[in-house]
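Contents: one structure, followed by commentary.
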2 protein chains.
Amino acid sequence: MKELEDIIKSSSPIPLRKKTVLNIAYSNIWMKDVTGSILKNFDISSEQFNVLRILRGKKGIPANLQDIQNRMINKMSNTTRLVDKLILKGLVERFTCEKNRRKVEIFITQDGLKLLKQLDPIIEQAEADLTSNLTETELVQLNELLTKLRK
Amino acid sequence: MKELEDIIKSSSPIPLRKKTVLNIAYSNIWMKDVTGSILKNFDISSEQFNVLRILRGKKGIPANLQDIQNRMINKMSNTTRLVDKLILKGLVERFTCEKNRRKVEIFITQDGLKLLKQLDPIIEQAEADLTSNLTETELVQLNELLTKLRK
DNA sequence: CACTAACACTTGTATATACAAATAATGTAA
DNA sequence: TTACATTATTTGTATATACAAGTGTTAGTG
């Protein structure tokens with residue numbers, strides 16, 4: 001059970017509020033490293049994976065860029081280029097919306113769905129591993145604290 | 001008190017373990033947005049700020065790149081370029097180490113120290129604000145849960 | 001001493017993020 | 001219907017991150 005002070009090699013204890021901010025940041029990096037390195041074997045980034053899952057969630061209904069952005073964890077100032085890369089990989093398709101030609105309609109392809117199906121159990125296992133040191137009760141508590149933290 | 005499901009507009013509840021991973025990620029982004037936008041007014045990024053604080057912590061003892069990397073939250077695959085940018089701003093100096101010419105010696109300048117002195121109370125206030133919705137006891141609990149999470 | 005491996009850092013390439021400006025389509029008001 | 005603002009997306013520029021390859025220096029071996 002490594003304390004934050006050991007991780008960043010701080011000689012003096014870090015004040016509680018600063019420590020909380022750093023602890024959340026470090027935990028996030030730690031988790032993203034794990035899932036990111038799994039996804040790397042499948043040649044997609046965490047962010048691209050996220051977009052794919054959002055599109056699958058639409059179940060065939062077209063998504064425009066705003067839809068995707070609204071559902072993303074990090075608000076993403078550049079979903080255009082993220083979608084571009086998924087198109088190059090054949091995982092996604094984009095058409096201009098004929099009803100409103102300013103908009104685009106983005107769909108996940110069969111290949112995209114197939115990739116997600118392959119990844120689902122692997123990512124689920126990774127999430128289970130990442131959280132295996134806490135009991136269900138502790139996990140609920142952690143989620144409640146984070147939600148309260150943000151107001 | 002916004003639940004994660006509302007934030008990412010998920011129609012169905014997210015399983016506990018996945019939710020925990022996402023909740024930590026979202027909390028981190030939320031906090032980094034706040035501190036990042038403060039630092040932006042002073043023309044440095046969170047990462048550059050982090051390097052400056054590490055150098056101040058050395059109290060005049062030279063730091064090489066590995067020292068800095070060891071103390072950084074995100075292990076940073078490219079401290080060279082981060083230091084390059086701080087040098088351009090006159091906040092940091094770099095010399096080759098004469099004892100071992102493979103190494104470098106990096107120092108914070110007077111201007112760098114002055115900037116940090118100016119930022120200290122502002123960042124402290126931001127951290128206080130970011131964590132103001134939790135009591136001291138809850139913050140301790142949150143830190144304990146995060147530490148236990150990582151083993 | 002030459003040869004080789006290890007070390008410390010730098011550079012190159014690709015992706016993601018932040019913000020601003022540009023473009024194109026649509027809506028609105030005179 | 002023209003003019004102007006708004007909307008939806010794209011493009012440009014800068015920073016940060018990830019990983020691999022390259023450079024120069026030092027250490028170790030015969």
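Everything numeric in this text was worked out from a predicted model, so none of it was measured.
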Find the distance A:N78:CG to D:dA8:P and express it as a whole number of Å. 17 Å
Heavy-atom donor-acceptor pair, A:Q125 side chain to A:I122 backbone, under 3.5 Å: no
B:I106 atom CD1 is separated from C:dA8 atom P, nearest whole Å, by 13 Å
Who are the side-chain contact (heavy atoms from CB on, under 4.5 Å) partners of A:D111, not counting sequence neighbours? A:L91, A:T109, A:K114
Taking CD1 from A:I87 and P from D:dT9, how many angstroms apart are they, rounded to a whole number? 13 Å
Distance in angstrom units between A:L82 CG and D:dT11 P, rounded: 15 Å
Testing C:dC9, C:dT15, C:dT11 for proximity to the side chain of B:Q66, the answer is C:dC9
Where the side chain of A:N70 meets the backbone of A:Q66, is there a donor-acceptor pair that is under 3.5 Å apart? yes
Please report the distance, rounded to the nearest Å, between CD1 in B:I68 and P in C:dA8. 14 Å
Closest to the A:L65 side chain: D:dA18, C:dA18, D:dT10? D:dT10
Taking only residues at least two apart or on different chains, which pairs with a member in residues 78-90 of chain A satisfy salt bridge (charged side-chain N to carboxylate O under 4.0 Å, His left out)? A:D84-A:R94
Closest to the A:T80 side chain, choosing from C:dT11, D:dT11, D:dA8: D:dT11
In whole angstrom, what separates B:Q48's CD from D:dA14's P? 14 Å
For B:F95, which fellow cluster members are found when Ile, Leu, Val, Met, Phe, Trp and Tyr are connected by side-chain heavy-atom distances below 4.5 angstrom, either directly or through intermediates? B:F107
Can you work out whether A:S46 or B:K40 has the more 5'-proximal nearest nucleotide on DNA chain C? A:S46
Sorted by chain and residue number, the salt bridge (charged side-chain N to carboxylate O under 4.0 Å, His left out) partners of A:R102 (sequence neighbours excluded) come out as none
Can you list, in residue-number order, the parts of residues 19-39 of chain B that come under 4.0 Å of DNA chain D, counting heavy atoms only? none
Round to a whole Å and report the spacing from CG of A:L86 to P of C:dA14. 18 Å
What's the closest nucleotide to the side chain of B:R81 if the choices are C:dT15, D:dT10, D:dC19? D:dC19
Can you measure A:D84 atom CG to D:dT11 atom P for me and round it to whole angstrom units? 7 Å
Heavy-atom nearest nucleotide on DNA chain D taken for A:E105 and for B:K89; more 5' hit belongs to A:E105
Would a distance-only check, ignoring hydrogens and angles, find a side-chain to backbone donor-acceptor pair under 3.5 Å from B:R17 to A:T131? yes
Residue that, paired with B:K58, satisfies side-chain contact (heavy atoms from CB on, under 4.5 Å) out of B:I106, B:I108, B:D67: B:D67
Protein and nucleotides 21-25 of chain D: nitrogen or oxygen contacts under 3.5 angstrom:
from, atom 1, to, atom 2, distance (Å)
D:dT25, O2, B:R102, NH1, 3.3

Is there a side-chain contact between B:I87 and B:E93, using heavy atoms and a 4.5 Å cut-off? no
